Amino acid sequence: MRKLIINGKPIEAPDGATILDAAKHAGIRIPTLCFLENREPIGACRVCLVEVTGARTLLSACSTPVSEGMEVKTNSPRVRAARKQVVELLLSEHDGNCPVCDRNQDCELQNLASELGIREIAYEGEKAKARIDDSTPALVRDNSKCIKCRRCVTVCSEMQGVGALYPQGRGFDTMIGPAFTLDLDGVACVQCGQCAAICPVGAISEKSHIESVWKALEDPTKTVVVQTAPAIRAALGECFDCEPGTLVTGKMTTALRELGFDAVFDTDFAADLTIMEEGTELLTRLKKALVDGEEVPLPMFTSCSPGWINFAEYYYPQFLPNLSTCKSPQQMFGAVAKTYYAQKIGVKPDDLIVVSVMPCTAKKFECGREEMNDSGARDVDYVLTTREIGRMIKEAGIDFMSLEDSKMDAPMGLSSGAADIFANTGGVMEAALRTAYEIVTGRSLPMENLHVKPVAGLEGIKEASIKIEGAVSDWSFLEGVTVNVAVAHGLGNARRLLERIKNGEKSYHFVEIMTCPGGCIGGGGQPRFTDDSVRLKRINAIYAEDEGKTVRKSHENEAVQQLYKEFLGAPLGEKSHHLLHTHYHEKDVV
Amino acid sequence: MVENATCNCACSEELTEEEMILQLDELIGEYQNKPGGLIPALQIVQSRFGYLPESVLKKISRDFGKPYSEVAGVVSFYSFFSTVPRGKNMVRVCLGTACYVRGGKEVLASVKKELGIDVGETTENRQFSLDVGRCFGACGLAPVIMVNDDVHQRVKPSKIGELLRAYAISEEGVTQ
């Protein structure tokens with residue numbers, strides 16, 4: 001431990017801690033723009049400058065380690081003047097038309113200018129060149145707003161292992177973006193939107209579907225249904241100043257009805273359906289491998305996360321046969337809504353509009369994939385992020401916090417607790433094991449509260465082994481087999497896990513991969529700002545939602561059972577195969 | 001730097017990008033797994049071929065296991081690197097502080113006029129390319145220009161034409 005003094009207050013900090021860490025621990029706020037937790041500080045923004053006695057210049061708190069006897073001032077006139085100057089310089093080249101910016105009132109630069117009391121910008125200089133890139137279905141980049149903090153570069157390369165973004169050029173003309181300032185659709189971007197989630201300003205945002213959805217809602221010839229992903233209920237409250245991890249399922253349902261959706265449904269329903277299909281697919285692959293001695297691609301990988309699908313198509317095409325052929329819950333929902341539900345209510349698929357609310361930007365890409373129209377129309381028409389639906393609710397003048405709770409509509413609004421946990425890392429695995437174990441043994445998964453603890457939590461790569469004992473006659477070939485599973489979240493972790501599998505270092509039967517750190521609760525479309533403490537709070541909320549349900553296993557969802565009885569037949573049956581399964585293509589990286 | 005780096009694209013027949021790619025392993029293979037190997041590798045390729053074509057950079061990105069965005073970021077950061085073919089003679093006009101105050105800008109204007117090209121461009125006959133530099137470390141001799149590896153000191157705008165013609169003649173025996 002090191003003893004130091006910050007603002008006259010004696011404090012202790014561990015060796016290797018930075019001034020920023022030490023101050024944070026002592027409850028002293030130092031503003032930052034480029035800092036990211038768990039990443040090497042790069043000191044790019046210079047906003048965290050502090051005065052250290054004996055140092056010739058002001059030092060950046062994020063990158064200066066504490067030392068014994070250090071005296072730090074975070075709030076001296078010199079510090080305040082310097083910070084103000086730094087922010088003024090940033091503002092001088094920033095295209096600051098705040099009232100019409102996507103990030104108005106949700107912008108770290110704007111907040112900082114307000115906090116520092118900046119009333120005029122003393123520097124009149126050249127503005128950054130405007131260059132709008134709206135080439136992808138998911139993201140829009142606007143270089144004139146970029147402050148070159150490089151957070152997006154760090155998350156894209158280090159956290160996601162993709163590296164689509166990097167500073168191009170030099171000096172004032174530097175542009176953060178793809179190689180040689182190409183558009184994003186010209187490079188191997190997986191469209192996860194972690195860059196948009198982490199951007200302090202309006203330089204990277206989701207491509208909005210808000211206007212299209214308003215238009216659909218106003219169209220009297222259309223029936224408009226909405227599905228909400230499990231991760232929304234644990235995060236939407238943050239758009240209305242709730243603490244992270246506040247569950248707002250009931251209010252959200254009421255708000256969606258007030259917005260004018262004809263039916264409020266749940267992606268959870270499709271998550272239960274996914275477990276039926278994917279669980280059966282896994283057991284079928286295991287049977288082929290163990291009984292028929294066939295060469296089947298194992299481990300099987302989950303396929304719910306469209307950023308991960310893109311990642312596999314770009315970077316690990318050799319594993320494409322290992323991906324479950326199941327469409328993601330969003331797409332399964334769309335395909336079932338435009339066939340089964342449309343028939344039920346007597347509406348033509350073309351007159352049924354399916355809107356998704358997703359924590360994700362890659363879902364905007366996914367709904368436009370050419371394979372995703374098995375219902376005879378585009379299975380999902382529009383995708384709104386959590387942030388976008390929050391904006392629509394505000395725009396409609398709905399006082400969200402004072403809304404009564406209400407329940408989602410039958411049949412596609414009914415779901416089990418297993419579907420809720422699709423929202424977080426380890427959740428799809430747990431949901432699959434709850435059902436698969438029970439199918440094979442006729443007994444509940446023998447774990448406390450049905451939770452598979454070893455695959456829960458924020459560790460990057462997690463493993464579990466489950467020994468099958470007492471298999472029923474149909475599945476007796478699995479008797480005594482130890483099923484090995486692994487879970488990775490964040491594509492950087494996924495890459496590490498895939499390399500181990502590729503090298504033969506590890507072998508598993510089933511692997512869950514989610515694109516974003518923490519899973520969908522940490523998705524690129526979630527309210528800003530998401531760090532590990534926020535991720536954990538949202539995860540806890542999701543587990544609470546699961547535990548609060550009477551039905552907690554996907555195969556016990558009666559609405560899904562009815563869907564099979566009335567319409568689909570059996571899991572992996574012909575109709576399922578046509579509507580609920582898909583295929584993948586290798587894509588060139590460069 | 002390296003023995004065979006003297007070519008500077010003055011070969012009579014130009015290599016196609018496919019031919020360049022075939023030579024890459026031999027030229028820079030040893031840098032693939034070296035930390036910090038990207039910049040020296042790019043320097044070698046630039047010196048050997050005179051520029052860094054897209055297909056070559058993509059191959060380097062794959063071989064070095066570095067995102068294309070990063071390779072492009074390095075290439076676009078350093079003015080030494082070029083992604084378009086350059087002329088036989090590289091003219092660099094220094095606009096560092098000393099050269100700037102001693103008339104570097106006028107020298108640059110004169111070079112531009114003489115060659116009929118702007119900064120970053122190459123003459124149609126591929127004889128000359130023009131770039132600016134920020135200090136060649138010869139401030140006492142300002143204003144300075146470099147043509148290939150030759151440093152010309154205290155250059156006068158009025159003498160630029162003569163100076164450049166010498167390069168065109170010395171290499172091809174014809175004036176441009």
Side-chain angles (χ1 to χ4, degrees), chain A residues 42 44 129 131 133 136 139 141 143 146 148 150 152-190 195 204 311 314-317 491-492 495-496 498-499 502 586-590, chain B residues 17-18 20-21 24-25 28 32-33 35-39 41-43 45-46 51-86 92 94-97 100 118-121 131-135:
Chain A
I42 57 168
K129 273 186 225 107
R131 186 169 183 285
D133 170 9
T136 64
L139 297 164
R141 299 184 312 117
N143 272 96
C146 176
K148 301 169 183 87
R150 305 184 183 206
C152 57
V153 174
T154 306
V155 294
C156 191
S157 59
E158 290 181 24
M159 203 161 79
Q160 298 298 65
V162 169
L165 305 173
Y166 200 83
Q168 306 294 318
R170 182 176 195 163
F172 182 82
D173 295 323
T174 304
M175 278 198 185
I176 308 292
F180 298 116
T181 66
L182 286 169
D183 281 344
L184 259 188
D185 73 341
V187 302
C189 161
V190 302
C195 53
I204 315 181
F311 187 77
Y314 278 124
Y315 298 100
Y316 288 92
L491 293 173
R495 193 185 273 277
R496 276 184 277 281
L498 292 168
E499 285 300 319
K502 204 169 88 179
E586 179 171 353
K587 296 193 262 205
D588 283 342
V589 176
V590 287
Chain B
E17 291 185 21
E18 289 73 28
M20 293 180 192
I21 284 173
L24 279 185
D25 273 350
I28 56 170
Q32 272 183 31
N33 299 314
L38 179 63
I39 291 177
L42 290 170
Q43 277 178 305
V45 177
Q46 166 86 40
Y51 75 115
L52 300 164
E54 186 181 308
S55 58
V56 168
L57 289 175
K58 286 183 170 171
K59 172 92 164 73
I60 291 175
S61 154
R62 285 192 296 271
D63 292 351
F64 281 58
K66 290 202 178 296
Y68 186 46
S69 66
E70 186 178 337
V71 174
V74 171
V75 169
S76 60
F77 184 87
Y78 294 103
S79 59
F80 175 75
F81 296 129
S82 172
T83 55
V84 290
R86 292 218 164 152
R92 290 192 175 86
C94 182
L95 288 183
T97 312
Y100 189 91
D118 213 333
V119 174
E121 293 179 350
D131 240 331
V132 296
R134 308 281 169 185
C135 194

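Heavy atoms only: backbone and side chains are in, while hydrogens, waters and symmetry mates are out. The shown structure was predicted, so the numbers you read here are calculated from the model rather than taken from an experiment.
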Problem set entry | Top of A:Val153, A:Val187, A:Leu165 for chain B proximity - count of heavy-atom pairs under 4.5 angstrom |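 Most heavy-atom pairs under 4.5 Å with chain B: A:Leu165.
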
Exercise. When you check the gap from the basic side-chain N to the acidic O, do B:Arg86 and B:Asp131 get nearer than 4.0 Å?
Worked result: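 Salt bridge present between B:Arg86 and B:Asp131.
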
Exercise. Checking B:Val71 against chain A: side chain, backbone, both or neither under 4.5 Å from a heavy atom?
Worked result: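 Neither; nothing under 4.5 Å.
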
Exercise. Considering residues at least two apart in sequence or located in another chain, which fulfil the salt bridge (charged side-chain N to carboxylate O under 4.0 Å, His left out) criterion with A:Asp173?
Worked result: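 Once residues adjacent in sequence are excluded, the partners of A:Asp173 under the salt bridge (charged side-chain N to carboxylate O under 4.0 Å, His left out) criterion are A:Lys129.
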
Exercise. Taking atom CG of B:Asp118 as the centre, does the number of heavy atoms from other residues, nucleotides or ligands within less than 6.0 Å exceed 12?
Worked result: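 More than 12 within 6.0 Å, yes.
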
Exercise. Between the side chain of A:Ser157 and the main-chain N/O of A:Gly163, is any donor-acceptor distance below 3.5 Å?
Worked result: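 Flag not set: sc A:Ser157 to bb A:Gly163 has no pair under 3.5 Å.
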
Problem set entry | Option that, when pairs with chain A are counted at under 4.5 Å, heavy atom only, ranks first among B:Ser55, B:Pro67, B:Gly73 |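 Answer, by heavy-atom pair count under 4.5 Å with chain A: B:Gly73.
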
For this session: Heavy-atom distances under 4.5 Å only: say whether A:Val589 touches chain B with side chain, backbone, both or neither.
Result: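 It is neither, since no heavy atom gets under 4.5 Å.
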
